[in-house]
Amino acid sequence: MPIDLAFIWAAIIAFAVLAYVVMDGFDLGVGILFPFFPAERDRDVMMNSVAPVWDGNETWLVLGGGGLLAVFPLAYATILPALYMPLIAMLLGLIFRGVAFEYRWRTKRWKRVWDVAFAGGSILAGFCQGIALGSLVQGIAVVDRAYAGGWWDWLTPFSVATGLALVIGYSLLGSTWLVMKTEGTLAVRAKRLALPLAIATVGAMGIFSLWTPWLRPLYLDRWFGFPTMIFSIIVPLLVLGCLYLIMMGLRSGKDVQPFLASLGLFILGYAGIGISFYPYIVPPSLTIWDAAAPPESLSFLLVGALVLVPIILGYTVYAYWVFRGKVRHGEGYH
């Protein structure tokens, strides 16, 4: 039986995107929560908690986007014209927050300006990522293997709602990250934010679980047809289990548990999206095999990925290990 290179590459890119969401998600979440922590002392600690790892987290975004261009060029050429506006806005948000990481520590007069840039860039990036996700889930118009929609097709109630939901979800990751990485009044305030954010995130997941199946017949069949409907029963139970772990972790002082359970929510949501439209990479028109590059290209690139991905994983694990533990005021990367 021949090796399905398109499937292998789809799994690699899906893993890279998931790694970016769960790793850079808490990073963005810390920035989104900046307005809730007005004290400069708290903001210094918040930024120092993510400063050593934020740029490494975004490596996965480069891998996912670059891999899509190299391995599924037709999908890349279709998705980008449909989502130019939110993707450009997302990149601008990431640029502003990236610059803020360095410039905020170099000035006193303009420190508040860079605080706004960090928070605003984080909110904009998270919101636009949600819009892009919602636009992809609701479907992209394709005719003769090319994008056939308009400039504003991405702007719908579903995509805007997805953008808001992702901002809430990233805020949950950010709050539980602060619970795990900080102490004192900062950690106490993060705990107070984490519980309502967890409930709001699970509520948003419930709303979209009811909304998504009615977008397209494909989704309706996947969610309520056998055997995939089994996941429609199991996943909500696992989501409630993650919510319970978050609540119990916050209540009992197990600081790591809420963060890991929050990551579990994102993994379950991501799995639900994958179940909804696999094997389509551009629903409802292009499958991973329709959009894949020639087998020779897939084989050549796979050799590089087998070397590169373990290196990135190793670097990521090492970075988190080196900078493990609580971050205190006056300590950290800066």
Looking at Ser209, is its backbone amide N or carbonyl O close enough to the side chain of Thr212 to form a donor-acceptor pair, meaning the two atoms are under 3.5 Å apart?
no
Is there a side-chain contact between Leu172 and Ile168 in this structure, where contact means two heavy atoms from C-beta onward sitting under 4.5 Å apart?
no
Any Tyr147 side-chain heavy atom under 4.5 Å of Asp153 side chain:
yes
Strictly distance-based, threshold 3.5 Å: is any side-chain N or O of Tyr280 a donor or acceptor partner for the main-chain N or O of Gly139?
no
Output for pair (Leu74 CG, Leu286 CG), nearest 0.5 Å, gives 5.0 Å
Closest heavy-atom pair and its distance - Phe208, Ala165
CE1-CB, 3.5 Å
Going through the checks in order, is the side chain to side chain contact (heavy atoms under 4.5 Å, CB included) test met by Leu28 and Leu94?
CA-CA 9 Å; Leu28 291 168; Leu94 293 176; 4.2 Å; yes
Of all the heavy-atom pairs spanning Cys128 and Pro86, show the shortest one and how long it is.
CB-O, 3.3 Å
Using modelled atom types only, decide if a donor and an acceptor are shared between the side chain of Lys181 and the backbone of Lys326 within a distance under 3.5 Å.
no
Heavy-atom pair with the smallest gap, counting every atom of Ser122 and Ile32:
CB-N, 3.8 Å
Kindly indicate whether the side chain of Val179, heavy atoms from C-beta on, has any atom under 4.5 Å from the side chain of Phe259.
no
Between the CG atom in Leu306 and the CD1 atom in Ile311, the distance rounded to the nearest 0.5 Å is 11.0 Å
Steps toward side chain to side chain contact (heavy atoms under 4.5 Å, CB included) verdict (Ile246, Ser262):
CA-CA 7 Å; Ile246 293 172; Ser262 299; 3.5 Å; yes
Is it true that Leu240 and Phe231 fall in one hydrophobic cluster, defined by side-chain heavy atoms closer than 4.5 Å?
no
What are the two closest non-hydrogen atoms of Gly130 and Leu166, and how far apart are they?
N-CD2, 3.4 Å
Test item: Trp60 and Leu313 side chains (from C-beta on) under 4.5 Å apart, heavy atoms:
yes
Between CH2 on residue Trp177 and CE on residue Met46, distance to nearest 0.5 Å
12.5 Å
Residue pair Ser135 / Ile131, side-chain heavy-atom distance below 4.5 Å:
yes
If Ile, Leu, Val, Met, Phe, Trp and Tyr residues are connected whenever their side-chain heavy atoms lie under 4.5 Å apart, and connections chain through other members, are Leu260 and Tyr320 in the same group?
yes
Are the side chains of Leu87 and Leu91 in touch, meaning some heavy atoms are under 4.5 Å apart?
no
Would you say that Val137 contacts Ser276 through its side chain, given a criterion of any heavy-atom pair below 4.5 Å between the two side chains?
no
Please say yes or no: joined through hydrophobic side-chain contacts below 4.5 Å, possibly via intermediate residues, are Leu68 and Leu308 part of one cluster?
yes
Can the ring centres of Trp154 and Tyr84 be said to be less than 6.0 Å apart?
no
Donor-acceptor pair, Tyr20 side chain versus Leu63 backbone, under 3.5 Å?
no
Nearest 0.5 angstrom please: Ile207 CD1 to Thr162 OG1, how far?
11.0 Å
Do the ring planes of Phe266 and Tyr170 sit parallel (below 30°), tilted (30 to 60°) or perpendicular (above 60°)?
parallel
Is it the case that the side chain of Asp290 and the backbone of Thr287 share a donor-acceptor pair, with hydrogens and angles ignored and the cut-off at 3.5 Å?
yes
I'd like to know whether CZ of Phe36 has more than 12 heavy-atom contacts from other residues, nucleotides or ligands below 6.0 angstrom.
no
Among Tyr103, Phe34, Phe96, which one satisfies ring-ring contact (aromatic ring centres under 6.0 Å, His included) with Phe118?
Phe34
Do the two ring centres, one from Phe158 and one from Trp211, sit under 6.0 Å apart?
yes
Shared hydrophobic cluster, Leu69 / Met90 (ILVMFWY, side-chain heavy atoms < 4.5 Å):
yes
Between Asp44 and Lys111 the two heavy atoms that sit nearest each other are OD1-NZ, 3.5 Å
How long is the gap from CG on Leu197 to CG on Leu33, to the nearest 0.5 Å?
6.5 Å
Using 0.5 Å steps for rounding, measure from the CG atom of Leu265 to the CE atom of Met205.
5.5 Å
Compare all side-chain heavy atoms of Ile288 with those of Phe72 and state whether any distance is below 4.5 angstrom.
yes
Donor-acceptor pair, side chain of Arg97 and main chain of Gly120, under 3.5 angstrom
no
Can a donor-acceptor pair be found, under 3.5 Å and without considering hydrogens, that links the side chain of Arg324 to the backbone of Trp321?
yes
State whether the side chain of Gln257 and the backbone N or O of Leu245 hold a donor-acceptor pair below 3.5 Å, judged by distance alone.
yes
For Leu136 and Ile79, what are the C-alpha separation, side-chain angles and deciding distance, and is it a side chain to side chain contact (heavy atoms under 4.5 Å, CB included)?
CA-CA 8 Å; Leu136 184 63; Ile79 293 173; 4.3 Å; yes
Between Ala292 and Leu298, what is the shortest heavy-atom contact and its length?
CB-CD1, 4.3 Å
When you look at Trp9 and Leu301, which way does the side chain to side chain contact (heavy atoms under 4.5 Å, CB included) test go after all the steps?
CA-CA 9 Å; Trp9 265 110; Leu301 293 168; 3.6 Å; yes
How about CZ on Arg112, more than 12 heavy atoms from neighbouring residues, nucleotides or ligands closer than 6.0 Å, or not?
yes
Would you find more than 12 non-hydrogen atoms of other residues, nucleotides or ligands less than 6.0 Å from Trp289 atom CH2?
yes
Is there a path of hydrophobic side-chain contacts, each under 4.5 Å between heavy atoms, that joins Phe26 and Leu124?
no
